[in-house]
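We number each residue from 1, following the sequence as shown. The figures here come from the full heavy-atom set of this structure, side chains too, leaving out hydrogens, waters and symmetry mates.
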Amino acid sequence: MASSTPVPSNDPLTEHKAILALIHKFLSGIKLRDPTLMHSCILPSGHALLIRPIADKISSLVEHSHQSTSPRQHLQITLPEVIDRIPFDSPVSMEENIALTVWEDGDNGDKYGGRKSEIRVDGDIAFAWTPYEVRLGGVLHHVGTNVFSFVRRLDGPEKGSWVIAYVGDTFKEVQMS
């Protein structure tokens with residue numbers, strides 16, 4: 001009987017694709033308003049460092065605009081707290097998109113300042129550097145860069161699969177003219 005447990009691949013592109021799929025799954029939870037989906041992608045004891053304007057709360061982003069010159073703060077929180085900050089009950093649609101990687105087909109055009117997403121893997125750890133944009137109500141609201149760290153699950157039914165252990169990101173509000 002074949003096991004459904006993922007086995008690490010000797011092919012770097014296969015590993016990169018698995019990590020990219022996990023990022024897309026995690027971020028799709030925002031658009032789908034599905035915190036359970038997002039929780040399935042994270043290490044429950046994982047952490048995050050978000051660089052935000054002072055007085056920021058994601059729900060306030062939906063309601064108010066911050067000046068890009070606002071003083072910044074480092075929010076050091078757990079990954080479950082990151083998910084808890086997302087206003088899933090807001091009437092405003094939310095979506096986060098990331099830049100393509102160098103090996104993906106397609107063209108980002110001028111989005112992301114010409115930058116591409118990057119993924120690096122070494123054994124059971126990996127990271128991804130992903131320029132991103134957030135749209136609220138279909139309108140570009142802010143951009144930045146995510147830094148994801150990943151580890152392989154050590155046990156359970158998904159042993160060997162990747163899980164998000166850390167997220168860091170920057171925040172630059174888009175100034176509408």
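- Listed for the D34 side chain is a donor-acceptor partner under 3.5 Å among the backbone atoms of L37.
- Side chain of Y112 to backbone of S117: no donor-acceptor contact under 3.5 angstrom is found.
- Inter-residue side-chain proximity for V151 and V163 is flagged as met; some heavy-atom pair is nearer than 4.5 Å.
- Formation of a donor-acceptor pair under 3.5 Å by the S161 side chain with backbone atoms of E158 is found in this model.
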Would you please test R135 and E95 for salt bridge (Lys or Arg N to Asp or Glu O under 4.0 Å) and show each step?
CA-CA 5 Å; R135 294 183 176 273; E95 183 174 5; over 6 Å; no
For R152 and E15, what are the C-alpha separation, side-chain angles and deciding distance, and is it a salt bridge (Lys or Arg N to Asp or Glu O under 4.0 Å)?
CA-CA 11 Å; R152 286 193 200 278; E15 295 291 354; 3.0 Å; yes
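- Taking the six-membered ring where tryptophan is involved, the planes of H141 and F171 are perpendicular, since the angle between them exceeds 60° and thus also 30°.
- Shown here for G144 and T170, the closest heavy-atom pair between the two residues is CA-OG1, 3.3 Å.
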Side chain to side chain contact (heavy atoms under 4.5 Å, CB included) between N146 and E96: does it pass, once the steps are laid out?
CA-CA 11 Å; N146 295 315; E96 181 170 340; 2.8 Å; yes
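- Here R115 pairs with nothing under the salt bridge (charged side-chain N to carboxylate O under 4.0 Å, His left out) rule; sequence neighbours left out.
- Residues I54 and Q73 share a closest heavy-atom pair of CA-NE2, 3.5 Å.
- Of all heavy-atom pairs between W162 and D124, the closest is CZ3-O, 3.6 Å.
- Salt bridge annotation for D89-R33: absent, with no cationic side-chain nitrogen under 4.0 angstrom from a carboxylate oxygen.
- Nearest heavy-atom pair across F88 and P35 is CE1-CB, 3.6 Å.
- For S40, there are no side-chain hydrogen bond (donor to acceptor under 3.5 Å, both in side chains) partners at least two apart in sequence or on another chain.
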Take T101 and H16 through the test side chain to side chain contact (heavy atoms under 4.5 Å, CB included) and record every step on the way to the result.
CA-CA 10 Å; T101 63; H16 290 200; over 6 Å; no
